[in-house]
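Dropping a structure here in structure tokens format, bear with me for questions.
In this chain, numbering begins with 1 at the start of the sequence shown. Model, not experiment: these values are computed from the prediction. Just so it is clear, the values below take in all heavy atoms, side chains as well, and ignore hydrogens, waters and symmetry mates. Order of listing sets the numbers, starting from 1, for every ligand and every atom in it.
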Amino acid sequence: MIAFQYARANDVADAVRQVSAEPTAKFIAGGTNLIDLMKEDVERPSRLIDISQLPLKIVEETAGGGLRIGALVPNSDLAYHPLVAQRYPILASAILAGASAQLRNMASTGGNLLQRTRCYYFYDIATPCNKRTPGSGCSAIAGLNRMHAILGTSEACIAVHPSDMCVALAALDATVHVAGPAGARAIAFADFHRLPEKTPERDTNLQPNEIVTAVELPAQGFAANYTYLKIRDRLSYAFALVSVAAALELEGDTIKQARLALGGVAHKPWRDPSAEAALRGQTADRSAFNRAADVLLRDAKGFEHNAFKIDLARRAIVRALLQAAAGTPQVQSNKKIA
Ligand SMILES: Cc1cc2nc3c(=O)[nH]c(=O)nc-3n(C[C@H](O)[C@H](O)[C@H](O)COP(=O)(O)OP(=O)(O)OC[C@H]3O[C@@H](n4cnc5c(N)ncnc54)[C@H](O)[C@@H]3O)c2cc1C
Ligand code: SF4
């Protein structure tokens, strides 16, 4: 049993003050990831700063026609929020593809962004892991790596980010709002999570003394032509082997704009503007989707047990785009796509 202090934050400024005063302290929101990590002795915060009572549970429309989601909005509330269901169904689908109903009731928006990898070695303190103990080595590279990354890996770490919600947020071009001792700042979603490079212990560009206060969605929600496709070992309660958030804006059969993000394949939600550019102006058909998949996966590299993910991702991308183009996420459509 490791002793730790517990304190409740009164407001955002108080939360920032408390975490700045004690660098080994951690925020706790829903606790669905942090408590597990503490039980496994992976995380050892000296103090838990409970932010769950802060007034960050509101979903509100922005002046620009988008949506601002408070960092403490539970995943369930967000998925079933009428504005999300109507205008950002790709986000609702991604959230509902994750975890279980009970977990989604507890899990917060901010906590989902900051959940840690599910690499088995990260959880097993008897094994080397650069993410848990920098400089100790990576057990997964020559070990069991079926669930690991195929894109953006480094010699230090090949872990994947486990979130479903974040894949949709990447595709939607969200912005993360944070507050710290120097005030508030906004981080583009693409810059929020990091690739492992030589510092896999850092998952994100959030500073240790900053708190996530909200996530903002731009006006465009791609509600007509989208899909979130999650491929996993079980149909529920399992993390993605590969997931695809695909969103299209169509003019007739021509693609005016495309968004494509992958989960389960990299240390961050994987998005590549050149794959989206390859779709722009093209007819929405299988050959265009195949070409986009080739671009997105051109640098993919498998390890001993996960090379199958490259082909799986290619098929999932094409299938997700076909579903998005047909306007019928994950069901067969009468609309014919060549
Ligand atoms: C069995 C199981 C299955 C799961 N399956 C899936 C799945 O399929 N897909 C999926 O996407 N997720 C899945 N999850 C993960 C779940 O979604 C996350 O655990 C949850 O979103 C974390 O939110 P939380 O509020 O409970 O975070 P906490 O556990 O409270 O915190 C997690 C981390 O975030 C930090 N943090 C929390 N809020 C803030 C904030 N506002 N600002 C700064 N730091 C903050 C904490 O300090 C901590 O480091 C699963 C979890 C479990 C236990
Ligand atoms: S892949 Fe990353 S998290 Fe997993 S053992 Fe290697 S360093 Fe640790």
Side-chain angles (χ1 to χ4, degrees), residues 9 12 15-16 19 25-38 42-43 45 48-52 54 56 70-76 78 94-100 102-124 127-145 147-149 153-168 176-180 196 199-201 203-204 206-215 230 232 234 236-240 243 263-264 267 269 303:
V12 169
V16 169
V19 83
K26 284 228 139 203
F27 296 129
I28 183 161
T32 61
N33 190 214
L34 182 55
I35 296 295
D36 279 356
L37 289 165
M38 289 172 68
V42 176
E43 299 263 20
L48 288 184
I49 304 167
D50 185 349
I51 57 172
S52 64
L54 298 185
L56 302 172
L72 290 165
V73 175
N75 288 180
S76 305
L78 185 58
I95 294 170
L96 295 175
S100 65
Q102 292 90 338
L103 283 160
R104 293 192 296 265
N105 288 341
M106 287 300 293
S108 66
T109 300
N112 194 301
L113 264 58
L114 289 152
Q115 64 175 294
R116 308 215 66 194
T117 185
R118 293 281 158 171
C119 172
Y120 345 97
Y121 301 106
F122 177 67
Y123 271 78
D124 179 357
T127 60
C129 167
N130 286 324
K131 185 179 282 296
R132 177 171 26 79
T133 312
S136 63
C138 171
S139 299
I141 290 176
L144 296 173
N145 44 42
M147 64 181 285
H148 289 75
T153 55
S154 74
E155 287 177 4
C157 179
I158 60 170
V160 300
H161 192 264
S163 170
D164 291 293
M165 187 178 91
C166 290
V167 184
V176 185
H177 291 275
V178 312
T199 52
E201 68 276 16
D203 293 343
T204 71
L206 189 75
Q207 296 304 313
N209 55 9
E210 288 181 316
I211 183 172
V212 174
T213 52
V215 173
K230 179 175 179 180
R232 49 190 152 170
R234 290 187 305 270
S236 84
Y237 207 42
F239 290 91
S243 70
H267 201 256
F303 293 84

Practice task
Determine yes or no for a side-chain-to-main-chain donor-acceptor pair under 3.5 angstrom, with Thr213 supplying the side chain and His177 the backbone.
Solution key: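 Side chain of Thr213 to backbone of His177: a pair is present.
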
Fill in the blank from the handout: Contact region, Leu103 to ligand 1, non-hydrogen atoms below 4.0 Å, reads side chain

Fill in the blank from the handout: So the atoms of ligand 1 within less than 4.0 Å of a heavy atom of Asp36 turn out to be 53 (C)

Exercise for the section: Below 4.0 angstrom from a heavy atom of Gly98, which ligand 1 atoms are there? Numbered from 1 as shown, please. Expected result: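 Result: 7 (C), 8 (O), 9 (N).
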
Fill in the blank from the handout: dist Ile158:CD1 -> Lys131:NZ (nearest 0.5 Å) comes out at 12.0 Å

Problem - Gap separating the OG atom of Ser139 from the CG atom of Asn145, nearest 0.5 angstrom - result: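 Nearest 0.5 Å value for the OG-CG distance: 11.0 Å.
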
Practice task
Please report the C-alpha distance between Gln115 and Met165 in whole Å, then the side-chain angles of each, then the deciding distance to 0.1 Å, and finally whether the side chain to side chain contact (heavy atoms under 4.5 Å, CB included) criterion is met.
Solution key: CA-CA 11 Å; Gln115 64 175 294; Met165 187 178 91; over 6 Å; no

Handout entry: Under-4.0 Å heavy-atom contact with ligand 1, by part of Lys230 that carries it
Key =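 It is the side chain that touches ligand 1; the backbone stays farther off.
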
Practice task
Could you check atom 50 (C) of ligand 1 against the protein and tell me its nearest heavy-atom contact, residue, atom and distance included?
Solution key: Phe239 CZ, 3.5 Å

Handout entry: ligand 1 N/O within reach of Ala71 N/O, cut-off under 3.5 Å
Key =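 By distance alone, the answer is no.
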
Practice task
Looking only at distances, please establish whether an N/O atom of ligand 1 is found under 3.5 Å from an N/O atom of Gly31.
Solution key: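 Right, the criterion is met.
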
Handout entry: Spacing of OG1 belonging to Thr133 relative to CZ belonging to Phe122, to within rounding of 0.5 Å
Key =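 Going from OG1 on Thr133 over to CZ on Phe122, the span is 9.0 Å.
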
Problem - Test of proximity, Glu210 against ligand 1: N or O pairs below 3.5 Å - result: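 Between Glu210 and ligand 1, no N or O pair is found under 3.5 Å apart.
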
Practice task
Keeping the roles fixed (side chain from Thr32, backbone from Ala107), state whether a donor-acceptor pair exists under 3.5 Å.
Solution key: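 Here the side-chain-to-backbone pair does not exist.
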
Fill in the blank from the handout: Nearest non-hydrogen protein atom to atom 10 (C) of ligand 1, with distance, is Asp164 OD2, 3.6 Å

Exercise for the section: For Leu37 and Tyr123, run side chain to side chain contact (heavy atoms under 4.5 Å, CB included): C-alpha distance rounded to whole Å, both residues' side-chain angles, the deciding distance at 0.1 Å, then the answer. Expected result: CA-CA 7 Å; Leu37 289 165; Tyr123 271 78; 3.6 Å; yes

Problem - Ala29, any N or O under 3.5 Å of ligand 1 N or O - result: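 Yes, Ala29 has an N/O under 3.5 Å of an N/O on ligand 1.
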
Problem - side chain to side chain contact (heavy atoms under 4.5 Å, CB included) involving Arg232 - partner list, sequence neighbours excluded - result: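 Result, side chain to side chain contact (heavy atoms under 4.5 Å, CB included) vs Arg232: Ala97, Lys230, Ala238.
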
Handout entry: Polar side-chain atom of Arg104 near backbone of Asn75 as donor-acceptor pair, under 3.5 Å
Key =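 A pair under 3.5 Å: no.
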
Practice task
With heavy atoms of Ile51 as the reference, note each atom of ligand 1 found under 4.0 Å away.
Solution key: 38 (N), 39 (C), 40 (C), 41 (N)

Problem - Polar contact flag for Glu43 and ligand 1 (N/O pairs, less than 3.5 Å) - result: no

Handout entry: Numbered atoms of ligand 1 (with element) below 4.0 Å of Ser108, judged on heavy atoms
Key =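 That gives atoms 23 (O), 24 (P), 25 (O) of ligand 1.
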
Practice task
Look at the aromatic rings of His148 and Tyr121 and report parallel, tilted or perpendicular, splitting at 30° and 60°.
Solution key: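 His148 and Tyr121: tilted rings.
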
Fill in the blank from the handout: Those residues at least two apart in sequence (or on a different chain) that pass side chain to side chain contact (heavy atoms under 4.5 Å, CB included) with Cys166 are Asn112, Leu113, His161, Ser163, Phe189, His193, Pro269

Practice task
Can you sort out which atoms of ligand 1 are near Gly30, meaning under 4.0 Å from one of its heavy atoms?
Solution key: 24 (P), 25 (O), 26 (O), 30 (O)

Exercise for the section: Could you tell me which atoms of ligand 1, counted from 1 in the order shown, lie closer than 4.0 angstrom to a heavy atom of Pro162? Expected result: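 Those qualifying, in numeric order: 9 (N), 10 (C), 11 (O).
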
Problem - Distance filter under 4.0 Å to Leu34 heavy atoms, resulting ligand 1 atoms - result: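 Every atom of ligand 1 under 4.0 Å from some heavy atom of Leu34: 29 (O).
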
Fill in the blank from the handout: Atoms of type N, O or S from the protein that sit nearer than 2.8 Å to atom 8 (Fe) of ligand 2 number exactly 1

Practice task
Among all protein heavy atoms, pick the one closest to atom 46 (C) of ligand 1 and tell me residue, atom and distance.
Solution key: Phe27 O, 3.0 Å

Problem - Neighbour count above 12 (heavy atom, 6.0 Å) for Glu155 CD - result: no

Exercise for the section: Compute the minimum heavy-atom distance from Arg118 to ligand 1 and say whether it is under 4.0 Å. Expected result: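 True for this residue.
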
Completion exercise
Lys26 heavy atoms within 4.0 Å reach ligand 1 at atoms 49 (O)

Practice task
Ignoring angles and geometry beyond distance, decide whether Ala99 reaches within less than 3.5 Å of ligand 1 through its nitrogen or oxygen atoms.
Solution key: yes

Exercise for the section: Look at ligand 1 and say whether Ala238 reaches it with a heavy atom at a distance under 4.0 Å. Expected result: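 In this structure, Ala238 qualifies as a contact of ligand 1 - some heavy atom is under 4.0 Å.
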
Handout entry: Evaluation steps, side chain to side chain contact (heavy atoms under 4.5 Å, CB included), between Val19 and Ile211
Key = CA-CA 9 Å; Val19 83; Ile211 183 172; over 6 Å; no

Exercise for the section: Please name all residues satisfying side chain to side chain contact (heavy atoms under 4.5 Å, CB included) with Asp124, sequence neighbours left out, ordered by chain then number. Expected result: Ala126, Thr127

Practice task
Give the single entry among Ile49, Leu114, Val215 that approaches atom 35 (C) of ligand 1 most closely by any heavy atom.
Solution key: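 Among Ile49, Leu114, Val215, the closest heavy atom to atom 35 (C) of ligand 1 comes from Leu114.
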
Practice task
Of the side chain and backbone of Ala240, name the one, both, or neither that has a heavy atom under 4.0 Å from an atom of ligand 1.
Solution key: neither

Exercise for the section: With heavy atoms of Ala156 as the reference, note each atom of ligand 2 found under 4.0 Å away. Expected result: 7 (S)

Fill in the blank from the handout: Between Cys119 and Ala159 the two heavy atoms that sit nearest each other are CB-CB, 4.4 Å

